[in-house]
Structure formats: structure tokens, C-alpha cells
There are 2 protein chains.
Amino acid sequence: MAQSRKAKAADGGARLRLIEATAKVMRDEGYAAATSRRVATEAGVKQALVYYYFPSMDDLFVEVLRAGAEVSLARMRDALTDDDPLLTLWSLNGESRMTALNTEFMALANHRKVIRVELKAYAERVRDIETAAVAVSLRARGVDPQAFPPVVVSMLIAQTARSLCNESAVGVTLGHDEMRAFVERQLRTLAAVTPGSGR
Amino acid sequence: MAQSRKAKAADGGARLRLIEATAKVMRDEGYAAATSRRVATEAGVKQALVYYYFPSMDDLFVEVLRAGAEVSLARMRDALTDDDPLLTLWSLNGESRMTALNTEFMALANHRKVIRVELKAYAERVRDIETAAVAVSLRARGVDPQAFPPVVVSMLIAQTARSLCNESAVGVTLGHDEMRAFVERQLRTLAAVTPGSGR
DNA sequence: GTCTATATCCCGATAGAC
DNA sequence: GTCTATCGGGATATAGAC
């Protein structure tokens, strides 16, 4: 379990601890606070060790993004195969745990090419998975894919959930109750459609 | 025109230039690059002058946010009174000009209280204006406000437009064409409803 | 694999001349 | 209102001992 991939974990876990420490600092204080000294202290090692494991701070950021992406993608794949995919999509994207970190990477991606490339790849993998699950769900309910393309439905649900999270993070809650009620009403209505009635 | 408010512009425009320079640096290189030295150089003044006009860098950031908010709010008020408010809402929020700066302030707001408070106030003023305009438009078309609350419709349109912008900024365009077609089809359908038919 | 030490540079903020 | 000069500190990254 600690041996995640290849022979990467031949150390005392310092590499992994550095990645986790960096994620924590970015989440709590922003990417600008995630300096080599700061994350080293957080991980319980000395500053120079950061440069033994990562060529530069940008490389460390990329590894943090990659690690988080793998975890998120795995959870998403699991969750979208069972249950009602639409409802699962709504809950998964509404988790506030990853919100702040996502925002940091979004800002970073706007100014650092390596981050941008990595984030784009991740976002498109997520969209593919979510859209596939939504497609199955909509087809089973006989929803016309011309009128409601699966990719549109998956984007609407995911983006709305994430927007509520982002706004909550800065204290904005105006209209949130109404929006949640609306989305959940729509999802219930759709779920009530007799599966196969459209055949 | 250069005399915006009170007697603030008793200088040679240095204060305003500092605000604009800070916005530019934040947009181009991120908030972490907007240091007192960097923005001073960009504005053509010396670093110490920043602290003559602003007590701290955070205060400068707040002023940048305020200035941008005033401009955006004014444009929004103008645009939403004439034309089709729903379509205007869609276009205004789809402008990419402000996207990067908004993302920076979002990230900043997650970790700096003064920014968070200011951004929250701005976001709620925007929502109020947009919702009011949408309410008028929906009522004129006889849309049931129970089934489609104006605040929900305004959030959906605005958030979707902004999400497309944010994604485009990092190179993600998967599903964008479908989403744009979908939204514009919905807006056309709604616009085609004979005004007053619901009376 | 982890450390100490160091080179080189930039940071926010203040004091005080003009 | 704008400047020069400076304090105290932190940044990335490297060299080299253990």
C-alpha cells in the first residue's frame, strides 16, 4: 500500500510526506505559501531535501496535482458504476474537501504551462468518465440524446455543484438553497421516469 | 473623468496607475507576482510610493478588486435593462477578459479575510442585479416562478458561461460546443414564447 | 537519503531627504 | 508627492559532507 508505483518508495516516506505537506499548505494558505522551506518543515525534513526529490518547486506542484487526480478519478470511477450516476455526480462534485486546492491549481494553471497541461489532461479524463456514466443513465430512461446530450447534462450537474462549493468557500450563499432544491427536484423527476418507458 | 471620487486624484495619476498595473500583473502572472517592486516598476514609480498610497499590499489588492467591481457592475446594470436580459447575461458572463483576474481573486479570497469579505459583497450585488433582471424577463414570458425561480435561472446561466471561460483558459474545450448550442437553443425557445401568453 | 552551509536574489515595510 | 537608503527576513537552488 505504501509502495504505490514502481520502486519510488525506497525512502522513509519523505517523498510522499512532501507531496502531502505541499497539498496541505496550498489548501490552507495558498500556492504562494508553499515554499520549499515551508513544505519541508511541514513534512519534518530539511529544505534541501525537497530538491533531492523534485528538480524544482513546479515539479513538486505537478506531482501534487497528479496524486490528487489519481485519487479523485478512482473515487469517481467507483462511484459512477453503482447507484444513480446523476445523483452521485451531484454529490461528488459538491464535496468541499477539494475545493480550495482546485482553485489554487486553477490559478496556477493560468500562469504556469506545466500545470496547465496537467490540469487540462485531468479535466478531460474526468469529463469522459462522467459523460459516459451519464450517457448510460439517460439512455436507460429513454431521454432523447439530441435534446439533452450526455456531455451537456454531466457538465451542468458537475459545474453547478462546484460553483456552489466555490461560492460557499468565500461566504456567498445567496440562492444556494433554491438552487439545491431545484437540482434535486430535477434529478428526482428524472429518476422517477420508468426505466425502459422510452423503448 | 480622471476625478473619479472625492479628492482622490490630487496626484499625477500615480495611484490609479498603481491599481491598473497591479491588475495587469495579477492577470498576466498571478497574485504572487504582484509585489510592491513589480507593480511600482510597471506603473513607472518607485517601490516606496506604493506605501504612500496604500498601507499594505493587501489594501492595494482590495482597491484593485473594488475598481474592477465598479466597472463590471456598471456595465451589467446598463446591459440588463435593455435587450433580452437572459441573452445579455449569457454574453456578459462569457467574456474572457476578466476570467484570469477573477480566478486570482478567488484564490486570494480563500486565504485573506479582507479579500474574502470584499469579494462576497461584490458577488452578492451581482447576483441581486442579475436575478432582478431575470425575474422581469421570466414574468413577461409567463414562466412559473415556482418551477423556475429567477435566482436559479440567473445562477445557471451565469455560472455556465463562467465555467466555459475558466475551462477555456486552461485549454479544456471538451463539450463546449454542445453546451453553447444547448444554452442558446434554450434561450431561443424561451424568447419565442409570446410575451403575455401566460396572463 | 539526509544533512549543513552558502550563493544570489527579492520581499514588505519604514525613515527621512527633497 | 516622490525619492534614496536600509532593516530584517525569506526565496530558489546548489555544493559538498556524512
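Numbered from 1 within each chain, the chains take letters A, B, ... in sequence-line order.
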Option from B/Glu130, B/Glu118, B/Glu70 for which salt bridge (charged side-chain N to carboxylate O under 4.0 Å, His left out) with B/Arg125 holds: B/Glu70
Closest-nucleotide ordering on DNA chain D, the 5'-leading residue of B/Arg17 and B/Gln47: B/Arg17
N/O (side chain, B/Tyr53) to phosphate O (OP1/OP2, D/dT2) under 4.0 Å: yes
Under-4.0 Å side-chain N/O to phosphate OP1/OP2 contact, B/Tyr51 with C/dT14: no
Minimum-distance nucleotide (side-chain atoms of A/Ala48 versus D/dA15, C/dG12, D/dA13): D/dA15
Candidate nucleotides C/dT2, D/dA5, C/dA5, ranked by approach to the side chain of A/Tyr52 - the nearest: C/dT2
Residue list, salt bridge (charged side-chain N to carboxylate O under 4.0 Å, His left out) with B/Glu184, at least two apart or on another chain: none
Closest approach of B/Ala43 to B/Leu18 (non-hydrogen atoms, all atoms of both residues): CB-CD2, 3.8 Å
Distance-minimising heavy-atom pair for B/Asp58 and B/Ile115: O-CD1, 4.4 Å
Of residues 20-41 of chain B, the positions that come close to DNA chain C - non-hydrogen atoms, cut-off under 4.0 Å: B/Thr35, B/Ser36, B/Arg37
For [X] and [N], give me the distance from atom [atom1] to atom [atom2], rounded to whole Å.
X       : N      : atom1 : atom2 : value
B/Lys46 : C/dC10 : NZ    : C1'   : 16 Å
A/Leu16 : C/dT2  : CG    : P     : 12 Å
B/Leu18 : D/dG1  : CG    : C1'   : 12 Å
B/Phe61 : C/dC11 : CZ    : P     : 12 Å

Of all pairs that satisfy side-chain hydrogen bond (donor to acceptor under 3.5 Å, both in side chains), the ones with a partner from residues 71-89 of chain B, not counting sequence neighbours: B/Arg75-B/Glu95
Sugar-phosphate only, base, or nothing, as touched by B/Val50 at under 4.0 Å among non-hydrogen atoms: nothing
Spacing of CZ belonging to B/Arg127 relative to CE belonging to B/Met155, to within rounding of 0.5 Å: 4.0 Å
